[in-house]
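Letters A, B, ... are given to chains in the order of the sequence lines, protein chains preceding strands, and every chain is numbered from 1. What you see below is based on every heavy atom in this structure, not just the backbone, and it leaves out hydrogens, waters and symmetry mates.
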Amino acid sequence: MRKILSALLVLALLVPCFAVADDLPVVKIGVFEPASGDSGAGGKQETLGMQYANQETPTVTIGDTEYKVELVYADNGSSTDKAPSAAQQLVSQQVSVALGSYGSAVSIAGSLYFKDANIPVIGVTCTNPQVTLNNNHYFRICFLDPFQGTVLANYAFKELGARTAYCLAELGNDYDVGLSTYFQQEFEKLGGTVISDFFPTGNSDFTSYLTNATMFNADVFFCPVSIAYSTQILQQAAAQNVTFPILGGDTLDSNVVANAAKGTNVKVVITTFYQEGANPTFDTGFKAWLNSNAEAMTNNGGNDMISAVSAMGYDAYYTALEALKAAGSTDSAAVMAALPSVTLTGVSGAIQFDETGDAIRTSAYVKTINTETGDWEFVAEQTVE
Amino acid sequence: MKEFASDKKSRVPAFLSFVVIALFYLAVFIAEQHLPATSMLFTVLKKGATYALVAVSMNLLNGFTGIFSLGQAGFMLIGAYTYAIFTIPLEQRESVYQYFQGGAVHFTVPVPVALIFAGLAAAFFAFLIGLPVLRLKSDYLAIATLGFAEIIRAIFQWNQLGPITNGSNMLRMFPNFNDFNIRNASGEVTVYLSTTIPFIIAGVCIALIVLLIHSGYGRAFKAIRDDEIAAEAMGINLAHHKQLAFSISSFFAGVGGAMLAMYQTTVQAKSFTSAMTYEILLIVVIGGVGSVTGSVFSSFLFVACSEWWLRFLDEKQMIGTFEVPLLRNGFRLVIFSLIIMIVVLFFRRGIMGTKELPDLFRRKTKEGIK
């Protein structure tokens, strides 16, 4: 039995060798995204944007040669103990540049492995400042948590007229806790009061937190949590008939969340990277692609609503292509050298890097859920001086 | 595996095993100098060595002392944090403890000292927890230790402890395996040691555990495993020996945790879930409960499968023009769980049973080797 098993394993190992070669030379772009674990859903949607972009533009001309772009996937499992081997997997496949990840913690965990191999990485929606700080190889095309926290606090204080905010974050999740901290700092600076609270990982009963918020007469309920928790919070908030609006960060921007709020009377306001309708060509193209591809449709959560992360993934792919063109070579070190000066007008806005490698972003989209139709609706484009 | 050191006939197998291990180390060292450092092989070897140590430490409890504990991830967490807290360079602390003004600890210790600290911290907590918990038996003990691991995780994430543990945020920038490489003045690596050193750390720790198992204490542990009442009747102090096994096992789990921190290059309490304990328990079961060799062997096999060999299942594969069905992102985990279920259901004694490496070189007697 053991012999058969080992023979099977060996055979299985040989399978990749049969892959057919194309006529064009191949340039590899690594997709460092979670496909499983807590952020699996978000990671898949981000990957969809890249896949669509790859399908739209499958080749790139580097120097004078036309290359076929191959996306190489590595699932980092949303977990910092799986991220190093996923990063190493991409490194050993000799990708020229990598994209990702959804989630800052895994990005930081994989970072050193890319650095040692001199491979540049373009962060798509990892918003923690530490991702790009003090290194030369990590770039990012989205805004940062301090910015997002400030935008949300300003919106809550000025537009919603809130004076007391209740912040809820998942204990142990650096994204939640970080964003809450920035929100709290800005909100208190504006003159408001913040009550901050944490819930343990895996919690599914949020009624006591919601009751607490009501008890403290909170004017807004800020919960920049993962998609899975936010849908539960929304449903339980609806059941309690809460009066305060629920505020969230970019993680809440998902059709899953919109579906959860459908038919309730909860007001949900979030900040995000992209609003459906901002670029009609991308919207129609992406939707048509989703509708023609059953697997992509499943990965998008079963409908053709566009998540901001998909648009960001799309932009990241084109940023990588621009970098490859600018480098004039598939050598990762050359791409890294070329990246800082890359500029691009993506579907989510103009992309240009500052000296730390972050995209210069001055505005975020504020969106709310139309609870009758279950769609996201554009509210305002919020900028901070 | 019965007292092969004292039995004259068994000297040859023991010697042969020693040669095999030495050759393996040599092979790792040579491979590291000549193969590209970015090869997946080294990632697997580094993580494998780490898991081997933790699996053996768990086997010391579950397989040799008969204490069914599920707190391994908790002790690894303590080890990983202790190592990280004491080794993050001072000039980096400001950026690592970004929300806590550089943190509360303002000194560093050398890496080997930090490794021992990591073990001692884990052992100390194990001692404290062992006082009430070891009075429990079988399932109850497992539940209590599992609960402890979860509590420890929540405490480390607690914002009020932020100046020390960095709360929910990750610790990073501490020395990792790549810092063991010897570099010349211009920063080029002259001798690669980033895989050899973890092998040496794990090797020394596992050797210590093996020595312990063969000592009088080890025989007492096995007696407790086989029959507690009989062991007590023979004059073995149950509470004392259980406490000893628990603390020693946790010491090595702590060192293993520190190694995991070095492998991951970052530490975050979030990743030390009970799922990690189950992974290690699986390694122990697949290797054979009560076999050190089995644990070591299966941890390399497990890590290689989960991190490397089965990754092709996540990608679309073409044979000629035929697209292999089902292969897509996430499929790896399905196959992986299937393999694990088959092993646990049909090969319950694991790869090695209770055999050890020297037994493989021994001629089989008629009744087989026990």
Residue selection (most heavy-atom pairs with chain A, distance under 4.5 Å) from [options]:
options: B:M173, B:Q98, B:K270; result: B:Q98
options: B:S39, B:P36, B:S306, B:A269; result: B:S39
options: B:R172, B:M276, B:Q92; result: B:R172

Reported [atom1]-to-[atom2] distance for the pair [X] and [Y], which is rounded to 0.5 angstrom:
X: A:D81; Y: B:F272; atom1: CG; atom2: CZ; value: 7.5 Å
X: B:N169; Y: A:S104; atom1: CG; atom2: OG; value: 10.5 Å
X: B:N159; Y: A:T181; atom1: CG; atom2: OG1; value: 6.5 Å

Determine whether a donor-acceptor pair (N or O, by modelled atom type, separation under 3.5 Å) exists between the side chain of A:Q89 and the backbone of B:M40.
no

Taking atom [atom1] of [X] as the centre, does the number of heavy atoms from other residues, nucleotides or ligands within less than 6.0 Å exceed 12?
X: B:F297; atom1: CZ; value: no
X: A:D197; atom1: CG; value: yes
X: A:Q94; atom1: CD; value: no

Counting only heavy atoms closer than 4.5 Å, note whether [X] contacts chain A via side chain, backbone, both or neither.
X: B:N166; result: neither
X: B:F42; result: neither
X: B:K47; result: side chain
X: B:T266; result: side chain
X: B:V96; result: backbone

How close do [X] and [Y] get, heavy atom to heavy atom, and via which atoms?
X: A:P84; Y: B:Q264; value: CG-CA, 3.8 Å
X: B:Q268; Y: A:A105; value: OE1-CB, 3.5 Å
X: B:M170; Y: A:T80; value: CE-CG2, 3.6 Å
X: A:T201; Y: B:R153; value: OG1-NH1, 4.3 Å
X: B:S271; Y: A:S79; value: CB-OG, 4.3 Å

Under 4.5 Å from any heavy atom of chain B - which part of [X]:
X: A:I108; value: both
X: A:F198; value: side chain
X: A:F114; value: neither
X: A:A86; value: both

Please determine, among A:L112, A:L171, A:V91, A:V177, the option with the most heavy-atom pairs under 4.5 Å with chain B.
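Maximum pair count with chain B is reached by A:L171.
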
Given A:N173, A:L133, A:D176, A:N134, the one with more heavy-atom pairs under 4.5 angstrom with chain B than any other is A:N173

